[in-house]
Protein chains: 2
Amino acid sequence: MDRLTQLNWDDLKFFLAIARAGSARKAAHGTGANHATVARRLTLLEEMLDARLFDRSQQGLTLTRMGETLLPYAERMERELAGASRAISGQDTRIAGTVHVSIPYFMVNTPVGEHIAAFTADNPEIQIALQASNQLASLQRHEVDVSIRYAKEVAGDMVGTVLAHCQKAFYCAPGLAKRMADNGGQGIDILGWNEPHDESDAEWIKASPFPNANLRHRLAEGASQTLFATAGLGLCILPCFYGDAQPGLIRAPYHDPIPDRTLWLLYHKDIRDTARVGLFIDYMTTNIRKHSSDF
Amino acid sequence: MDRLTQLNWDDLKFFLAIARAGSARKAAHGTGANHATVARRLTLLEEMLDARLFDRSQQGLTLTRMGETLLPYAERMERELAGASRAISGQDTRIAGTVHVSIPYFMVNTPVGEHIAAFTADNPEIQIALQASNQLASLQRHEVDVSIRYAKEVAGDMVGTVLAHCQKAFYCAPGLAKRMADNGGQGIDILGWNEPHDESDAEWIKASPFPNANLRHRLAEGASQTLFATAGLGLCILPCFYGDAQPGLIRAPYHDPIPDRTLWLLYHKDIRDTARVGLFIDYMTTNIRKHSSDF
DNA sequence: ACATAGCGGTGCAAATTTGCGCCACGAGGT
DNA sequence: ACCTCGTGGCGCAAATTTGCACCGCTATGT
């Protein structure tokens, strides 16, 4: 009999998940299965191949030499499957179905989110599966159809369309704005991002429109920045399309917006053939460019 | 969630089997599963991909355009898996386990079979899985580790080692041999292979050591040839290593053996690293070459 | 020295998948 | 006109797989 026919191809999926996660439990969490199942599938695969693929320890599972040999084959299988998935949906000419979109968390309550929402109104047959996350989903593995990113440049085997060249500006609570004067920020606090410690005289402040301002607090994400700034604790610097959307913030006076990063719409070149995805891409591109002054 | 993670990779195995077999029942027979299971896995796969892959009819299942799109991806996945299988077993340095061998049916009762049998005696830890069949098993898909073939040439992405340059000869029953004279086969019947009809004066007989012989009967395989010849119905032409092994036949007088095809030992280049397979290959090569006069 | 958190392994009951046997249907031969 | 064979689909009982709850263990941090 054919020996490969006996083998369960699906077990390779678990093998990959374990190899990436480093433990059966994490792999189980990632795949949606139970850790016992994952471990058992692996054991079965090892029996079928008559080869130990992982060394078991209390810290998790680490690849053996055999496992490292298998890994690239499993990865290529996964790549083929992702390609198949794209090719299949590429032949789907129906203006219906689900478009899977990934955006950074902070973009949900901005014009970007509004345009996505507006798209669904125009296309009642299309569902949007929105995945707001700070870790970018893989277009390669076809986890999502479209990814919207805010970056200087993008790389990889995908197509990147520029939606808008954005600007950033300083924002603050209205009360703080009233107290400001045209003195280069003298006596005003600035909320920093996560710079290294003890850089209260950061270079970028000296080069900013408020060189005399004082750097206080270090906040890692826009939400925290917004929180502190709304409380009147200082100026924060935000992308305009985000800052303008915050009800408790206004642009700080005595400065003009500063060129910032670029808003990208990314997708795998094959996926554009899918009718509903192509439609979404076109809609976002034209509508956001039409309102480029918002960014 | 990751959409490809939901999909059962194993379903593509069934997809491939159906695409090749043309019907769920044949595919089931080939894979060892039930036809209902095969059909249900396909339905599930189609639901997952949201695409009809086969057109159902009473004659079986035929690929849709979607299915044809998917096919090459599934084939590449299978190829990767076969490669993985070879690579894994290639790291197996134990002189133990099973060597899967494929030989043409007629070779079982010949010195080839005897050498295979002798190999097992020298290596008690190694099992031989012998697959005697006229349709050659796929080394590509790793259905077998080693294939022994009788041909003029071999092609494909595999390694071919010459075991012996063989000879063929005319064989007949001992009683018929006694009645023969040195007259070019006058009055003697020759058993043909499956030539087209109405070629009783075939060219190859004119060029043979018995140009005056009469062509009778057309028999497709060596077993039938042997049957008729043993019954004294005429001369048949057989590879020497096969004819010599037939108890009811002797070489016909008044001619010398004629150069024939070559005995090949074929294997995928990766599989030689597997210790037990390498051992088998070496054993067969050296021992058959040592007895090359038998062929 | 202790507590905690995360790891792989395992027994058991529930959920899922499978194989079997049957159905209706249509093509091809008699 | 009839019969046979092979097809996909479906219901039901058996077999398998899964998830859950544990276990013992070991690093890590308190």
Side-chain angles (χ1 to χ4, degrees), chain A residues 1-2 4-68 70-71 74, chain B residues 1-2 4-68 70-71 74:
Chain A
M1 286 296 144
D2 190 334
L4 293 184
T5 305
Q6 312 302 332
L7 202 134
N8 188 341
W9 290 20
D10 209 39
D11 291 350
L12 273 291
K13 185 174 72 184
F14 291 106
F15 166 80
L16 252 189
I18 298 172
R20 284 174 178 147
S23 85
R25 292 184 115 97
K26 283 178 192 152
H29 191 263
T31 54
N34 188 276
H35 78 101
T37 301
V38 174
R40 282 190 283 239
R41 301 313 309 180
L42 173 64
T43 306
L44 233 64
L45 177 64
E46 288 181 327
E47 281 174 11
M48 282 291 189
L49 293 173
D50 192 26
R52 234 185 54 260
L53 300 171
F54 287 93
D55 281 326
R56 272 80 165 171
S57 80
Q58 309 290 1
Q59 290 80 265
L61 296 136
T62 52
L63 284 166
T64 61
R65 216 159 55 83
M66 291 270 200
E68 281 175 358
L70 180 58
L71 186 57
Chain B
M1 284 296 144
D2 189 334
L4 294 183
T5 304
Q6 312 301 333
L7 199 134
N8 188 341
W9 291 19
D10 209 39
D11 290 349
L12 275 97
K13 186 175 71 185
F14 290 106
F15 166 79
L16 253 188
I18 298 172
R20 284 175 178 146
S23 86
R25 291 183 117 96
K26 282 178 193 152
H29 191 263
T31 54
N34 187 277
H35 78 101
T37 302
V38 173
R40 282 189 282 238
R41 302 314 308 181
L42 173 63
T43 305
L44 232 65
L45 177 64
E46 288 182 326
E47 280 175 10
M48 281 293 188
L49 293 174
D50 192 26
R52 236 184 54 260
L53 300 171
F54 288 93
D55 281 326
R56 272 79 163 171
S57 79
Q58 308 288 3
Q59 290 80 266
L61 296 113
T62 52
L63 284 167
T64 61
R65 215 159 56 83
M66 291 269 198
E68 281 174 359
L70 180 58
L71 187 57

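Just so we're on the same page: letters track the sequence lines, and every chain starts at 1.
- Nearest approach of B/Leu16 to B/Ala74, heavy atoms of both residues: CD1-O, 3.7 Å.
- Sparse packing is recorded around CZ of B/Arg65, with 12 or fewer heavy atoms of other residues, nucleotides or ligands lying under 6.0 Å away.
- Within residues 14-24 of chain B, the residues having any heavy atom under 4.0 Å from DNA chain D are, by residue number, B/Ser23, B/Ala24.
- Nearest approach of B/Ala51 to B/Met66, heavy atoms of both residues: CB-SD, 3.9 Å.
- Summarising the geometry, the separation between CZ on B/Arg41 and C1' on D/dT16 is reported as 13 Å, rounded to the nearest angstrom.
- Contact check for A/Phe14 versus A/Leu45: no side-chain heavy atoms found under the 4.5 Å cut-off.
- Following rounding to the nearest Å, B/Phe54 (CZ) and D/dT7 (C1') show an atom-to-atom distance of 15 Å.
- For the pair A/Asn8 CG and C/dT16 P, the computed distance is 18 Å after rounding to whole Å.
- Contact detail for B/Ala21 and B/Ala27: the closest heavy-atom pair is CB-N, 3.4 Å.
- The salt bridge (Lys or Arg N to Asp or Glu O under 4.0 Å) check on A/Arg52 picks up A/Asp55, with sequence neighbours excluded.
- In this structure, CE on A/Met48 lies 8.0 Å from CG on A/Asp11, to the nearest 0.5 angstrom.
- In this structure, the side chains of B/Leu61 and B/Leu53 stay at 4.5 Å or more apart for every pair of heavy atoms.
- Rounded to an integer number of Å, the gap from CG of B/Leu44 to C1' of D/dG8 is 17 Å.
- The distance from atom NE2 of B/His29 to atom P of C/dC20 is 12 Å, rounded to the nearest whole Å.
- When the side-chain nitrogen and oxygen atoms of A/Lys26 are compared with OP1 and OP2 of C/dG6, none of them lie within a distance under 4.0 Å.
- A donor-acceptor contact under 3.5 Å is formed by the side chain of A/Arg40 with the base of D/dG19.
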So if I define the base as every atom that isn't primed, P, OP1 or OP2, how would nucleotides 21-30 of chain D read as a B/S/- string at a heavy-atom cutoff under 4.0 Å? BB-BBSS---
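- Within the 3.5 Å criterion, the main-chain N or O of A/Gly32 finds no donor-acceptor partner in the side chain of B/Gln6.
- To the nearest angstrom, C1' of C/dC25 lies 16 Å from CZ of B/Arg56.
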